[in-house]
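Since this is a predicted model, take the numbers as computed values, not measurements. As a basis for the values below, the full set of heavy atoms in this structure was taken, side chains included, without hydrogen atoms, waters or symmetry mates. Residue numbers start from 1 in every chain, and the chains themselves are labelled A, B, ... in the order their sequence lines are given, proteins ahead of strands.
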Amino acid sequence: MSTPQIVTRFAPSPTGYLHIGGGRTALFNWLYARGRGGKFLLRIEDTDRERSTPEATAAILRGLTWLGLDWDGEVVSQFERKDRHAEVAHQMLARGTAYKCFASKEDIDAFRTAEEAAGRYPLFLSPWRDADPATYPDLPYVIRMKAPRLGETVIEDKVQGKVTFQNDQLDDMIVLRSDLTPTYMLAVVVDDHDMGVTHVIRGDDHLANAARQTMVYQAMGWDVPVWAHIPLIHGPDGKKLSKRHGALGVEEYQAMGYPAAGMRNYLTRLGWAKGDAEIFTSHEAQSMFDLDGIGRAPARLDFKKMENTCGHHMAMAQDAALLHELQAYLAVTGKPVLTQAQRDLLMRGMYCLKDRAKTFPELLDKAAFALASRPIQPEAAAAAFLDDVSRGILQSLTLQLQNVTWNKDNLEAILTKAATTADIGFGKLASPLRAALAGRTATPSVYDIMLVLGRDETLARLGDTCR
RNA sequence: GGUCCGUUCGUCUAUCGGUUAGGACACCUGGUUUUCAACCAGGUAAGAGGGGUUCGACUCCCCUACGGACUGCCA
């Protein structure tokens, strides 16, 4: 007996950017499928023609791509499958698991308002459920599912456990609208079934929907997928994530300069855990990820931890990959592109820059000493180290650096000797040197500065200072 | 209102009836250091409240409080 292939999917509505919570949902689906040799599919739920836009679809694809979540096959447009949905609706009709309902929207609204006013649960029960087709009027109609009135529908959820819904709480939902377009409730089920989706991992705002969708599966005699309804992400204050919490869209995190690998790691750990694992590669995440590890309570976004995680990934990354992602960051934020010389400088200095930065803006800031052009304009705090005595010491140091072979050991020997000769502590030498070479007080070590800058630039900057 | 879900350090979480309740981030103290970051050592800090069940409950059950989702010819 072979294990059927795992198929997961991410199915966003194209009504805006890719929400950070949606990004995590996609990530969970991706991890689960990728870690098990399965497929991860992407479907755009664009049946709401009023709110769906191609721009939003493009933004979602960009967000997923940035996060590094690749999907299998073509992106499926739900809207384009509307004929298939209608076909299934009519099959339900033929099977007797659905019926035509001629009640007008106005009648239903009036009914609901009245029921609510009377303090009752406004469950609309269509009078057409068991009507004789011979009595059907010549009016527009919708197709409603003939949902079971008695008993209960049980969801076996991998995250929420067994959740039971009383069938008398659920109405006969509309599956095909009067304009013959499908509703979400029908479309998801048909699409998930046709696409062979085996595991539905989505936000727990869909938990109740799972009950109704189960009825559609049953009405069609199809296998119900494995459910996993994950809690939504909340803001730092524990409230539902909203604009006042700051960034909502995945692309905003890219624009803030967070590395994608770090975001994947952070988002994976947000609401999921495997023992004490904290920092891991995506490959490791794929093999560790499971549905059991998903928590049941909503998790809050913690920017500090996110930055810390990103910092680890910055340090772990390959130099060339970091430079590449840095350039992508510059591009999306509309910042000037790097020159070849700057790229060379960054590649040369990456080894001492990447473990000091958590984000790309920080990386750029740490690299400022290398990217700066002569003459260096020292910040006030740095300039304070450049008094006449210091300049004198730097001047004699300059002479000793003229002909030395440019490597760390030699530089170390010379600087140590210079400090001894001048009878000062190393700090008294390093601070002015740092000020002269970088114009700042916080930089990589003076050796690293000199190594990254190279002899010519180092001597030139010293010359500028001592002139 | 009804239905459903949730609640362990400030935050993310481990624990799956018996632990000095562990780890990570953040924070504090000390160390290291040419600055910053990093790093090392240590510290503060938690089972929402109340009832049960049990020899024993963070873990199982009930109630309360608080938070959330759903309750559309939206998805």
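A donor-acceptor contact under 3.5 Å is not formed by the side chain of Thr443(A) with the base of C36(B). Judged by distance alone, with hydrogens and angles left aside, Arg269(A) brings a side-chain donor or acceptor within reach of the base of C12(B), the pair sitting under 3.5 Å.
The partner of A75(B) is absent, by the rule that a Watson-Crick or G-U pair needs both atom distances under 3.5 Å. The nucleotide G18(B) finds its pairing partner in C55(B), both defining distances of the Watson-Crick or G-U wobble pair being shorter than 3.5 Å.
Both cation-pi conditions hold for Lys82(A) and Phe79(A): the charged atom is under 6.0 angstrom from the six-membered ring centre and inside a 45 degree cone around its axis.
A close approach under 4.0 Å does not occur between any side-chain nitrogen or oxygen of Asn209(A) and OP1 or OP2 of A75(B). Contact between the side-chain N/O atoms of Arg300(A) and the OP1/OP2 oxygens of U11(B) is found at a separation under 4.0 Å. Here Arg112(A) does not reach the OP1 or OP2 of G1(B): none of its side-chain N or O atoms lies under 4.0 Å away. Within the 4.0 Å cut-off from OP1 or OP2 of A14(B), not a single side-chain nitrogen or oxygen of Lys274(A) is found.
Among the protein residues, His229(A) comes within range of no part of the nucleic acid, since none of its heavy atoms lies under 4.0 Å from any strand. Across all strands shown, Thr164(A) has heavy atoms under 4.0 Å from sugar-phosphate atoms exclusively, and none from any base.
Aromatic pair Phe40(A)/Phe10(A): centroids not less than 6.0 angstrom apart.
Here, C66(B) and G72(B) have their P atoms 25 Å apart, quoted to the whole Å.
Listed candidates were G23(B), U11(B), G1(B). Nearest to the side chain of Pro122(A) is G1(B). Residue Ser178(A) has its side chain nearest to C73(B) when only U34(B), C73(B), U11(B) are considered. With C73(B), C4(B), U35(B) as the candidates, the nucleotide lying closest to the side chain of Arg356(A) is U35(B).
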